[in-house]
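A quick write-up on the structure given underneath.
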Amino acid sequence: MTGYFLTLEGIDGCGKSTHARRVADALTDAGREVVLTREPGATDLGQKLRKALLETEGPVSDVAEVLGFAADRAQHVDEVIRPALGRGEVVISDRFADSTRAYQGSGRGVDREMLERAIELATGGLSPDLTILIDVDLAVARERSAETASDRLERESDAFFECVREGFLELGRREPHRISTIDGSGSLEETAAAVLATVHERLPDLIRSA
Ligand code: TYD
């Protein structure tokens with residue numbers, strides 16, 4: 001059986017983690033072996049990098065930030081994602097390289113070519129079969145994430161997150177075959193239904209061969 005690689009993306013508070021879990025449950029129910037994972041922090045090294053990336057109080061340069069997320073991704077791909085795909089499993093990752101493009105590229109303004117080089121190095125060219133982008137406006141996202149403790153990135157300004165959101169939407173427009181953009185402003189159930197419908201539509205084999 002062929003492995004499939006699905007990613008969920010969006011700004012903090014968009015609800016992607018909840019939907020990643022829902023998709024994982026649905027595919028498990030359909031009989032597939034599913035690995036639900038996330039960035040940053042899916043591995044032992046990744047946990048340490050996550051803490052460094054999100055909890056460092058002192059300055060973090062833009063390049064250090066790019067390379068930190070890239071190091072986390074390199075370990076994630078090597079230790080978790082490629083082995084699972086090799087076993088024919090479905091890998092669902094809560095964030096992947098598009099987060100670097102949106103946060104470090106559109107948010108921080110890091111040079112695109114440099115970002116793509118770091119992404120290529122980390123992934124060895126591995127790209128998702130399908131990416132689901134959950135789009136919500138900033139007010140909705142802020143309301144949803146209001147109760148969770150805020151980390152270094154979550155403390156960024158509204159202007160930063162507007163750029164990140166626009167960056168994600170631009171990626172969706174540029175790569176419509178890979179990225180499916182879903183409006184996440186409705187109820188949890190409405191969005192979950194839209195996400196599952198997209199998975200069925202884009203990857204029918206995923207269900208048929210289950
Ligand atoms: P996430 O785990 O989604 O946050 P939380 O657990 O608080 O819901 O992501 C952590 C943060 O890392 C998030 O603000 C986005 C950021 N991030 C980047 O800036 N670049 C990246 O490449 C990745 C993977 C995440």
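Just so you know, ligand 1 is whichever comes first in the structure, and atom 1 is the first atom listed for that ligand.
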Answer yes or no: is there a donor N or O on one side and an acceptor on the other, between the side chain of E143 and the main chain of V140, under 3.5 Å? no
Does a side chain donor of either T100 or R95 reach within less than 3.5 Å of an acceptor in the other side chain? no
Does the side chain of T181 come under 3.5 Å of the side chain of D135 through a donor N or O and an acceptor N or O? no
With nothing but distance in play, are any N or O atoms of [X] less than 3.5 Å from an N or O of ligand 1?
X   : answer
E65 : no
S17 : no
D12 : yes

Part of R50 within contact of ligand 1 (heavy atoms, under 4.0 Å): side chain
[X]: numbered ligand 1 atoms lying under 4.0 Å from its heavy atoms:
X    : answer
R95  : 1 (P), 3 (O), 9 (O), 13 (C), 15 (C), 25 (C)
L153 : 12 (O), 14 (O), 16 (C), 19 (O)
Q104 : 18 (C), 19 (O), 20 (N), 21 (C), 22 (O)
T100 : 21 (C), 22 (O)

Charged N to carboxylate O under 4.0 angstrom, [X] versus [Y]?
X    : Y    : value
R101 : D98  : yes
E33  : R87  : no
E120 : R117 : no

